[in-house]
Amino acid sequence: MALELFNTLSGQVEPLFAADGNALRFYCCGPTVYDYGHIGNFRTFLHVDVLRRAIKLHGIGVHHVMNVTDVDDKIIRNASAAGKPIGEYSAKFEKAFFDDMKALSCETPEDIARATEHIPEMVELIQRLAAEDIAYQTEDGSWYFRIKRFPAYGQLSKKDLDGIEDGARIDSDEYEKDSARDFALWKSAKPGETSWDTAIGNGRPGWHIECSAMALKYLGESFDLHAGGEDLMFPHHENEIAQSEACTHKQFARHWFHVRFLLVEGRKMSKSEGNFYTLRDLLLKGYRASAIRFLLLSVPYRQQLNFTFEGLAAETSAVDRLRTFQARVASGIKDGKWPETAADPELSATIRKSGEDFTAALSNDLNTAEARAPIFDLLRAVNTAADQNKLTRADAEATLAVLAQFDTIFSVLEDHDAELTRNALAWAESEGRMADVAPEVLEAFGSSSLSDVDIDALVAERTLAKKQRNFARADAIRNELLEKGILLEDSKDGVRWKRK
RNA sequence: GCACCGGUGGCGAAGUGGCUAACGCGCUGGUCUGCAAAACCAGUAUUCGUGGGUUCGAUCCCCACCCGGUGCUCCA
């Protein structure tokens with residue numbers, strides 16, 4: 001089934017394909033590295049991750065480029081406040097960003113392009129625009145894009161510029177622009193600010209030009225898809241189109257993919273609302289990275305997601321159930337528990353269908369909500385069969401294959417959660433943020449927490465007490481461990497424990 | 001103000017002009033257990049914001065209204 005995706009440019013769901021018949025070339029607007037990434041940022045990147053995984057699942061290669069904006073007003077402001085060069089300042093948050101992406105199991109793009117490493121490309125682009133009289137320089141040395149010279153302006157965000165008042169909102173240092181809507185390509189150097197001395201003057205790039213320059217460099221003048229958060233549609237992406245197409249006279253990106261903003265507890269996430277969360281905040285509160293990923297992907301990308309702590313708890317349970325199920329089926333194969341008899345045709349068909357339904361839902365404009373359903377259908381059908389001793393080895397293996405396919409997209413079945421929480425704890429320690437750590441997290445993962453050896457010893461003591469039918473002692477140990485975040489599970493194969 | 005999106009069970013959420021309105025979480029009951037936990041099973045919306053209309057038939061189409069959210073400026 002062909003992968004179909006909504007295209008902001010056309011306003012329609014369209015088949016997605018690689019124009020060169022080989023790899024699908026796409027660009028995603030990445031982070032501005034001035035602070036730690038928040039869950040809103042990651043909702044976008046997570047859905048872009050699903051997009052790239054879905055493309056690959058359809059047997060199409062990907063060439064994914066993501067930029068890192070490592071120079072802009074906020075970085076300059078924050079770096080200067082911290083008394084650091086902007087490079088040192090932004091490097092810290094760039095590393096944090098990629099660590100977070102990894103924690104959320106996002107695949108790494110084929111190319112990561114930093115703005116500061118592409119100044120010559122940007123300068124060249126501005127020169128080409130200047131040659132066509134589309135870029136012009138103002139008295140202070142800044143360069144602007146003359147929107148009047150690009151009639152298609154507004155095509156992506158469906159804006160009719162004629163209806164917008166010209167002359168509104170004139171910035172004090174932008175008074176020289178021909179039109180208030182003209183946007184900056186290059187900002188002339190200000191005293192004390194980082195700048196580059198180039199053929200078009202001493203200054204630094206405007207925000208939009210980096211993406212045009214880098215996309216054209218890595219993906220060519222015309223490529224398949226361009227992605228980002230919904231807020232970037234205007235003006236950022238509109239400006240990218242204008243700059244690039246005015247220069248190349250070719251269509252920039254064919255397909256545009258925009259991810260909607262999320263709400264937190266029903267409101268727009270903002271620092272003033274007190275509902276602003278970075279990934280690290282959540283990990284320190286004891287929420288698992290896998291549950292965060294699963295929640296952020298639970299609602300299709302074009303739909304507003306309401307991020308709540310109740311939802312996070314729900315997804316934690318859901319991920320646990322899937323993992324337990326996978327372990328049950330896999331260990332049964334290992335132990336030779338599932339007979340190698342003829343498979344029940346009905347069950348085999350159900351297993352096959354769940355895989356098909358999964359890919360069909362995904363092909364349908366990446367309907368991640370719909371794609372989850374068949375996995376739980378599979379879980380129920382196979383568990384029931386296993387309970388009734390009707391699960392065969394062949395069906396068990398087929399089940400694992402479907403789960404693996406599911407996980408090529410959702411990527412939540414492998415459990416790295418404890419390790420990721422420990423990493424976050426280590427970070428909090430090094431940054432002096434221990435006050436943000438929830439007591440339970442400290443209890444379960446902190447330096448004073450029980451070691452595996454301690455736990456095993458207590459578990460052994462409890463098992464002995466149980467054997468002696470000293471249930472009071474056994475229950476006391478169980479409660480003691482529970483208070484420290486250790487959950488015991490008695491099974492026929494012995495006692496398992498896990499950290500909550 | 002203009003524009004856009006949404007309002008489906010306790011919560012989240014999919015979906016369709018007409019079969020029993022997915023799925024997850026929760027809850028209730030059951031199996032298991034020394035008791036629990038975990039796991040598993042079962043049950044859990046005669047109904048899809050309100051009022052009209054179109055239609056043989058609407059949750060799904062049209063109109064109006066109410067509510068929530070978002071964009072029009074930096075933002076993923």
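Values reported hereafter were calculated over all heavy atoms of this structure, with side chains retained and with hydrogens, waters and symmetry mates removed. Letters A, B, ... mirror the listed sequences (proteins, then strands); counts begin at 1.
A:Phe376 comes within 4.0 angstrom of the backbone, heavy atoms only, and of no base. Within 4.0 Å (heavy atoms only), A:Leu488 reaches at least one base atom of the nucleic acid. Using a 4.0 Å heavy-atom distance criterion, A:Asp320 is classed as making no nucleic acid contact. Using a 4.0 Å heavy-atom cutoff across all strands shown, A:Gly40 reaches at least one base atom of the nucleic acid. As judged by a 4.0 angstrom heavy-atom cut-off over every strand, A:Val299 is placed among residues touching the sugar-phosphate backbone only. Looking at heavy-atom distances under 4.0 Å, A:Leu232 makes contact with sugar-phosphate atoms alone, never a base. Note on A:Asp490: a base of the nucleic acid sits closer than 4.0 angstrom, heavy atoms only. Nucleic acid contact for A:Pro300: sugar-phosphate only, since backbone atoms but no base atoms lie under 4.0 Å from a heavy atom of the residue. A:Lys498 comes within contact range of no nucleotide atom at all, as no heavy-atom separation falls under 4.0 Å. Nucleic acid contact class of A:His38 (heavy atoms, under 4.0 Å, all strands): base. Contacts of A:Gly37 with the nucleic acid, taken as non-hydrogen atoms under 4.0 Å apart, are absent. A:Ala369 comes within 4.0 angstrom of a nucleotide base, judged by non-hydrogen atoms across all strands. Residue A:Pro235 is in sugar-phosphate contact alone, with no base atom involved, counting any heavy-atom pair closer than 4.0 Å across all strands shown. The residue A:Ala314 sits close only to the backbone: its heavy atoms come under 4.0 Å of sugar-phosphate atoms, none of a base.
Atom CD of A:Glu346 sits in a sparse spot, with 12 or fewer heavy atoms from other residues, nucleotides or ligands closer than 6.0 Å. Residue-environment remark: CD (A:Glu265) exceeds the threshold of 12 foreign heavy atoms within 6.0 Å.
Side-chain atoms of A:Arg328 and base atoms of B:A39 include no donor and acceptor less than 3.5 Å apart. Remark: the A:Arg478 side chain and the B:C35 base include a donor-acceptor N/O pair separated by less than 3.5 Å. For A:Asp377 against B:G24, a side-chain-to-base donor-acceptor contact under 3.5 Å is absent.
Using atom P as the reference point in both B:C62 and B:C5, the two lie 11 Å apart (nearest Å). B:U59 and B:U47: their C1' atoms are spaced 8 Å apart (whole Å). Separation of the P atoms belonging to B:U8 and B:G49 is 7 Å when rounded to the nearest angstrom. Taking the C1' atom of each, B:G52 and B:G29 are spaced 44 Å apart, rounded to whole Å. Nucleotides B:A22 and B:U46, compared at atom P, are 13 Å apart to the nearest Å. Of the P atoms belonging to B:A39 and B:A13, the separation is 24 Å, rounded to the nearest Å. Taking atom P in both B:C75 and B:U16, the straight-line distance is 35 Å, to the nearest Å. Comparing the C1' positions of B:C56 and B:C23 gives an interatomic distance of 33 Å, to the nearest angstrom.
Taking only side-chain nitrogens and oxygens, A:Arg260 never comes nearer than 4.0 Å to OP1 or OP2 of B:C4. OP1 and OP2 of B:A38 both lie 4.0 Å or more from every side-chain N or O belonging to A:Arg496. For the pair A:Lys268 and B:G71, the criterion of a side-chain N or O lying under 4.0 Å from OP1 or OP2 is met. For the OP1/OP2 pair of B:C25 and a distance below 4.0 Å, the side-chain nitrogens and oxygens of A:Arg321 include at least one atom meeting the criterion. Phosphate proximity of B:G15 to A:Arg372: absent, as no side-chain N or O sits under 4.0 Å from OP1 or OP2.
Between the A:Asp72 side chain and the A:Ile75 main chain, a donor and an acceptor come within less than 3.5 Å of each other. Side-chain atoms of A:His237 do not come within 3.5 Å of backbone N or O of A:His258 as any donor-acceptor pair.
Residue A:His236 is tested with A:Trp207, A:Phe183, A:Trp256 for a ring pair (Phe, Tyr, Trp, His ring centres under 6.0 Å); the sole match is A:Trp207.
Each of B:G24, B:G15, B:G34 was ranked by its minimum atom distance to the side chain of A:Ala318; first place goes to B:G24. The side chain of A:Gln303 sits closest to B:A14 out of B:G71, B:A14, B:A76. Side chain of A:Arg380, nearest nucleotide from B:C23, B:A76, B:G69: B:C23.
Stacking between A:Phe471 and the base of B:G34 is present: ring centres sit under 5.5 Å apart and the planes differ by under 30 degrees.
Nearest heavy atoms, A:Ser157 versus A:Glu238: OG-OE1, 2.5 Å.
In this structure, A:His226 has its ring center closer than 6.0 angstrom to the ring center of A:Phe252.
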